[in-house]
Amino acid sequence: MKDRIARLILDAARTAFDKGQLPSATFEEVVIETPKHQQHGDFATNFALVSAKAQKMAPRKIAEILVANLADHDGIFAAVEIAGPGFINFHLRPEAWYPVLDEIHDRKLEYGASDLGQGRKVQVEFVSSNPTGPLHVGHGRGAAVGDAVANLLAFCGYDVQKEYYINDSGRQIRTLGLSVWLRGAELAGEQVDFPEDCYQGDYIRDIAGQLRELKGDQLFRQQTDEAVMECARFATDQIISGIRNDLERFGVVFDQWFSEQSLYDSGEYERIVSQLEQEGVIYRKDDALWFRTSSFGDEKDRVVVRANGQPTYFASDIAYHRNKFERGFETVIDVWGADHHGYIPRLTAAVEAMGYRREQFKVILVQLVNLLRGGKPVAMSTRAGQFVTLADVIDEVGTDAARFIFLTRDTSSPLDFDLELAKQKSNDNPVYYVQYVHARICSIMAKAAERGIDTPRPAGGGGLQLDTPEEIALIKTLARYPEAVATAAERMEPHRVTFFLMDLAARFHAYYNKHRVLTEDRQLTLSRLHLVEAVKLVIHNGLNLLGVSAPTKM
RNA sequence: GCGCCUGUAGCUCAGCUGGAUAGAGCAACGGACUUCUAAUCCGUAGGUCGCAGGUUCGAGUCCUGCCAGGCGUACCA
């Protein structure tokens with residue numbers, strides 16, 4: 001609709017120029033916006049204002065000329081008026097909106113999908129929690145955000161891959177192995193001194209128990225490197241499968257699980273480091289290997305391989321990101337916890353040093369989650385092994401509520417997650433508010449079917465009787481959906497979809513309370529069913545993108 | 001010290017990359033269920049958009065400085 005109006009304005013400008021009413025033929029881009037206030041019409045443009053300079057004419061005067069030359073052949077405008085300093089406001093006739101409903105019925109759950117990405121390959125890597133313990137609430141937010149962003153991009157025509165990076169190498173894995181071994185030895189009756197820097201959680205003991213059942217006490221008699229590494233491998237596998245299971249329950253399925261260790265095993269890591277060393281991007285100093293990140297915008301150079309020969313995390317991240325680009329992804333998106341933000345300049349520098357554009361690497365920073373119960377903070381300490389896991393949250397409040405709440409805020413602001421509130425099936429809980437719309441409409445449909453009202457599509461726009469303010473407001477909201485989705489995808493801000501859905505839900509509930517869908521008037525009833533079915537489709541559509549279900553009953 | 005994020009109604013937050021009179025929800029107060037699901041709706045009240053400058057026709061939005069909170073600033077992960 002915006003494009004259509006923009007074209008009309010541009011045509012009017014050209015006509016005016018041909019007639020000699022406007023002095024310049026170079027026109028600014030026509031931007032059509034939806035005003036905040038209903039009195040300012042359905043659409044408005046500041047075109048006259050921005051053209052004032054080029055046309056050397058007062059904005060209002062330009063606006064008058066444009067309006068006089070406007071050729072509204074289809075009669076979509078009820079009124080066009082000039083307001084304020086030179087805004088042109090467009091009021092549409094109700095019927096002008098009807099085609100939106102047809103489009104929704106045609107495309108169903110594809111309404112709003114677009115070709116914005118033109119099939120470009122994009123990878124979204126998220127969660128990627130270390131396989132040293134179960135996922136907690138914070139990971140849940142990252143999972144919800146990453147998954148929704150990936151869904152949005154796919155919906156907008158990108159070729160998207162979801163990936164989980166497993167940090168199955170390095171010291172924390174050894175520590176994990178040691179922790180399990182010690183607990184195993186304990187279970188085997190040995191006296192052990194469990195160090196503080198080992199993993200404290202109960203799950204370590206469980207894993208040790210399982211391993212002991214499999215292998216017997218033999219493994220825990222002597223603390224050899226081999227025994228510890230066996231424990232590490234077993235524990236990693238156990239934990240990863242637990243994580244995978246939690247994520248599946250949370251509705252997140254990855255296309256690929258990528259092992260850090262594989263970068264070393266395949267020799268890929270070696271290859272890249274030596275190549276970068278040849279290029280002079282990596283150099284040796286004080287027995288360590290350094291990356292010249294400061295030449296690419298980082299505040300100082302960073303260590304890649306420590307003096308003791310151990311590679312840092314940064315080392316494998318360099319190799320990993322190179323690997324991503326070599327797999328053909330045009331854009332690589334990482335979802336990180338906000339506490340890692342200091343890492344961005346470093347990795348961006350590395351990406352650029354390897355010959356890619358910095359815009360090809362994007363990081364979504366997700367702020368922390370404060371877990372509350374009834375308004376009071378829930379104590380969480382990873383050190384002491386006491387934390388509320390994602391699995392606990394799913395058990396207590398369910399996947400739908402958790403995912404939706406995680407997406408009710410911009411990722412850059414911290415989120416209070418109140419377990420009590422999340423469980424509440426009330427006003428305070430926006431998930432149910434939105435889902436309720438879907439359930440209500442399903443109920444109307446069922447009732448309609450019961451009364452033998454088949455729901456054939458009312459013929460064309462002509463037959464529709466939708467003219468109450470609530471109905472028009474609903475259709476206008478539905479019309480905004482494609483733009484909301486596109487903006488959410490472009491800016492990687494899934495919360496826009498959430499807010500859109502809450503807005504649409506509010507308008508539906510208002511409508512529902514004021515008007516009956518099933519009436520004595522057959523034509524009116526069919527029209528309203530047509531509208532309400534479209535609302536149902538868009539709610540379902542949006543919830544799909546967020547990874548939240550659309551229940552038919554509540 | 002430096003860097004990133006945040007600061008909007010009593011509380012929790014939106015604000016569509018600069019538009020017109022700043023919006024929701026909760027909490028408060030007053031109303032609406034013999035009707036298609038009240039997990040809903042309608043109404044009232046609530047604001048120096050942290051503070052001070054600047055940019056321009058126009059700033060919650062952009063630039064600078066300051067204040068407050070969070071996070072980070074390793075040859076940790």
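None of these values were measured; they are calculated from a predicted model. Chain identifiers are assigned alphabetically (A, B, ...) following the order of the sequence lines, protein sequences preceding nucleic acid strands; residue numbering begins at 1 within each chain.
Using a 4.0 Å heavy-atom distance criterion, A/K300 is classed as a sugar-phosphate-only contact. Looking at heavy-atom distances under 4.0 Å, A/T34 makes contact with a base. Counting any heavy atom pair closer than 4.0 Å across all strands shown, A/A44 reaches a base atom. A/D301 comes within 4.0 angstrom of no nucleic acid atom, judged by non-hydrogen atoms across all strands. If you check every strand for non-hydrogen atoms under 4.0 Å, A/Q435 touches nothing. The residue A/K553 sits close to a base: some heavy atom pair falls under 4.0 Å. Using a 4.0 Å heavy-atom cutoff across all strands shown, A/I441 reaches no nucleic acid atom at all. Across all strands, A/A446 comes closer than 4.0 Å to no nucleic acid atom at all (heavy-atom distances).
One can place CG of A/N308 at 13 Å from C1' of B/rC76, the figure rounded to the nearest angstrom. B/rC13 atom C1' lies 15 Å from atom CG of A/D418, rounded to whole Å. Rounded to an integer number of Å, the gap from A/H509 NE2 to B/rC33 C1' is 16 Å.
Within the structure, a side-chain polar atom (N or O) of A/H495 is placed less than 4.0 Å from OP1 or OP2 of B/rG15. For A/T487, no side-chain nitrogen or oxygen approaches OP1 or OP2 of B/rC16 to under 4.0 Å. Proximity of A/Y436 to the phosphate of B/rA39: a side-chain N or O atom is located under 4.0 Å from OP1 or OP2. Contact annotation: A/R496 reaches the phosphate of B/rG15 (side-chain N/O to OP1 or OP2, under 4.0 Å). Taking side-chain N and O atoms only, A/R306 has a distance below 4.0 Å to OP1 or OP2 of B/rC76. At least one side-chain nitrogen or oxygen of A/S413 sits closer than 4.0 Å to the OP1 or OP2 atom of B/rA14. Between B/rA38 and A/R440, a contact under 4.0 Å exists linking OP1 or OP2 to a side-chain N or O. Contact check, A/Y433 against B/rC41: a side-chain N or O comes under 4.0 Å of OP1 or OP2. Contact check, A/R409 against B/rC13: a side-chain N or O comes under 4.0 Å of OP1 or OP2.
At a cut-off of 3.5 Å, with distance as the only test, no side-chain donor of A/Y320 or A/E260 sits close to an acceptor on the other residue. There is no side-chain donor-acceptor pair under 3.5 Å between A/T487 and A/R496. Side-chain atoms of A/T519 and A/D521 include no donor-acceptor pair closer than 3.5 Å. For the residue pair A/Q172/A/N167, the side-chain donor-acceptor check at 3.5 Å is not satisfied.
Pairing partner, B/rA45: none, since no Watson-Crick or wobble contact has both distances short of 3.5 Å. The nucleotide B/rU34 finds no pairing partner, because no Watson-Crick or G-U wobble arrangement with both distances shorter than 3.5 Å includes it. Nucleotide B/rG53 forms a Watson-Crick or G-U wobble pair with B/rC63, both donor-acceptor distances falling under 3.5 Å.
Taking 4.0 Å as the cut-off between side-chain N and carboxylate O, A/K536 and A/E533 count as a salt-bridged pair.
Crowding of A/E33 atom CD: a count of heavy atoms from other residues, nucleotides or ligands under 6.0 Å exceeding 12.
No hydrogens or angles were tested; on distance alone, nothing pairs the side chain of A/N46 with the base of B/rA20 as donor and acceptor under 3.5 Å. If you check distances only, the side chain of A/H340 never reaches the base of B/rG72 with a donor-acceptor pair under 3.5 Å.
Between the C1' atoms of B/rU73 and B/rC57, the separation comes to 44 Å (whole Å). When the C1' atom is used for both B/rA59 and B/rG15, the distance is 14 Å, rounded to whole Å. For B/rG47 and B/rG23, the P atoms lie 14 Å apart once the distance is rounded to whole Å. When the P atom is compared between B/rG3 and B/rU40, the two are found 47 Å apart, to the nearest whole Å. Between B/rA32 and B/rU21, the distance separating the two C1' atoms is 30 Å to the nearest Å.
Across B/rA77, B/rC71, B/rA39, the shortest atom-to-atom separation from the side chain of A/Q172 is found for B/rA77.
Nearest-nucleotide mapping onto RNA chain B: of A/A288 and A/T411, the residue sitting toward the 5' end is A/T411.
Stacking is found between A/H40 and the pyrimidine-like six-membered ring of the B/rA20 base under the 5.5 Å centre-distance and 30° plane-angle cut-offs.
A ring-centre distance under 6.0 Å is not found for A/H40 and A/F87.
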